[in-house]
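Report on the structure given below.
Because the structure is predicted, anything quoted here is derived from the model rather than measured. For the numbers below, each heavy atom of this structure counts, side chains included, while hydrogens, waters and symmetry mates do not.
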Amino acid sequence: MKTRIKIWLLVSSLVLISSSVYFASSRRELKADFDTASSASKKINNPSKSGNIDAEVEVYPFDESVNKSDLIVEVQIKEKIKETDDPSPKTIFKTEIINILTQKEPLATKEINIMQAGNSKWSFNDNKLFSPGEKYILFLKRTVDFDIENTFWILGEETNIYEITDENKIVKWSRPQKELESFEDKELNFKKAAEYNEPDKESQILEKDGFQDYIQ
């Protein structure tokens with residue numbers, strides 16, 4: 001009788017160990033399959049990039065954005081100067097100033113450099129990178145201890161990027177603000193907003209002249 005009990009216990013132990021090994025092995029295989037699928041999906045969706053950085057950006061009330069900015073300016077993108085990954089992916093563009101809306105300190109030049117989050121390998125919140133010839137109104141802060149002079153970074157990134165789409169239309173890339181509703185192009189916001197909107201990043205189409213007058 002004792003011998004049968006010992007044999008039964010031994011068999012039960014072997015079954016339990018075998019089940020544990022199979023479970024652990026299955027989990028490893030499942031994780032490997034998930035990682036492989038995620039990697040493959042990333043390559044298929046955007047073969048030219050390593051990936052996208054999803055980040056929370058601080059969204060300021062409009063008047064606070066104006067007050068915090070060292071410079072609010074209308075610029076045309078001239079060319080890409082360089083890319084960097086230190087301490088995070090960024091691209092620096094040379095731009096030509098078209099119009100200065102506000103400034104805390106006078107500028108000695110009509111050309112400034114603008115640092116945009118993301119680069120050719122890593123996108124930032126799925127934002128496109130600037131391209132030569134494009135025009136924007138940007139809310140800027142001056143960089144500190146950066147190796148290229150006259151370089152500014154964008155306060156709130158996509159929340160304070162206003163792309164000029166024609167002579168009197170601008171598109172706020174992300175986070176519509178109630179303070180700007182009086183300058184909205186109501187018709188275009190209904191008809192054309194889908195061209196600019198992305199998930200969790202609703203745009204706002206505005207009349208350029210009213211927007212600029214409000215800032216100044």
For this session: Give a yes or no on whether Trp153 and Val59 share a hydrophobic cluster (residues Ile, Leu, Val, Met, Phe, Trp, Tyr; joining criterion: side-chain heavy atoms under 4.5 Å apart).
Result: no
For this session: Using the rule that two of Ile, Leu, Val, Met, Phe, Trp, Tyr join whenever any of their side-chain heavy atoms come within less than 4.5 Å, decide whether Ile98 and Ile100 are in one cluster.
Result: no
Looking at side-chain heavy atoms only, is the closest gap between [X] and [Y] below 4.5 Å?
| X | Y | answer |
| --- | --- | --- |
| Asn150 | Glu111 | no |
| Lys208 | Ile164 | yes |
| Leu129 | Lys80 | no |
| Glu74 | Ile170 | no |

Problem set entry | Check ion pair Glu83-Lys121 (N to O, under 4.0 angstrom) | no
Looking at [X] and [Y], what are the two nearest heavy atoms and their distance?
| X | Y | result |
| --- | --- | --- |
| Lys68 | Lys141 | O-NZ, 2.9 Å |
| Gly133 | Gln76 | O-NE2, 3.3 Å |
| Gly156 | Val57 | O-CG2, 4.0 Å |
| Ser65 | Tyr60 | OG-CB, 3.3 Å |

For this session: Check the pair Phe93, Val75 against side-chain contact (heavy atoms from CB on, under 4.5 Å), reporting the backbone distance first and the verdict last.
Result: CA-CA 11 Å; Phe93 295 91; Val75 298; over 6 Å; no
Exercise. What do you reckon, are the aromatic ring centroids of Phe62 and Tyr214 less than 6.0 Å apart?
Worked result: yes
Ignoring hydrogens and angles, tell me if any N or O in the side chain of [X] forms a donor-acceptor pair with the backbone of [Y] under 3.5 Å.
| X | Y | value |
| --- | --- | --- |
| Asn113 | Ile92 | no |
| Glu179 | Pro61 | no |
| Thr151 | Thr143 | no |
| Asn160 | Leu155 | yes |
| Asn168 | Asp209 | yes |
| Thr159 | Ser174 | no |
| Asn67 | Asp63 | yes |

Mind checking the [atom1]-[atom2] spacing from [X] to [Y]? Nearest 0.5 Å is all I need.
| X | Y | atom1 | atom2 | value |
| --- | --- | --- | --- | --- |
| Lys94 | Lys78 | NZ | NZ | 9.0 Å |
| Ile137 | Ile161 | CD1 | CD1 | 12.5 Å |
| Asp70 | Arg142 | CG | CZ | 7.0 Å |
| Leu206 | Glu184 | CG | CD | 6.5 Å |
| Ser203 | Tyr162 | OG | OH | 12.0 Å |
| Ile53 | Asn125 | CD1 | CG | 8.5 Å |

Exercise. For Glu157, which residues count as a salt bridge (charged side-chain N to carboxylate O under 4.0 Å, His left out) partner, sequence neighbours excluded?
Worked result: none
Seminar exercise, completed: With sequence neighbours left out, the residues meeting salt bridge (charged side-chain N to carboxylate O under 4.0 Å, His left out) with Lys135 are none
Exercise. Side chain to side chain contact (heavy atoms under 4.5 Å, CB included) with Leu101: which of Val66, Ile72, Leu71, Leu138?
Worked result: Ile72
Exercise. For Glu163, which of Lys172, Lys128, Lys169 qualifies under side-chain hydrogen bond (donor to acceptor under 3.5 Å, both in side chains)?
Worked result: Lys128
Problem set entry | Over 12 foreign heavy atoms within 6.0 Å of CD, Glu79 | yes
For this session: Walk me through it: do Ile154 and Leu140 pass the test side-chain contact (heavy atoms from CB on, under 4.5 Å)?
Result: CA-CA 5 Å; Ile154 304 167; Leu140 304 173; 3.9 Å; yes
For this session: Kindly indicate, with the supporting measurements, whether the criterion side-chain contact (heavy atoms from CB on, under 4.5 Å) is fulfilled by Thr91 and Phe124.
Result: CA-CA 11 Å; Thr91 305; Phe124 181 87; over 6 Å; no
For this session: Kindly assign one of parallel, tilted or perpendicular to the pair Tyr136 and Phe130, based on the angle between their ring planes and the thresholds 30° and 60°.
Result: tilted
For this session: Show the numbers, then the answer: is there a side-chain contact (heavy atoms from CB on, under 4.5 Å) between Thr109 and Glu149?
Result: CA-CA 11 Å; Thr109 175; Glu149 292 185 357; over 6 Å; no
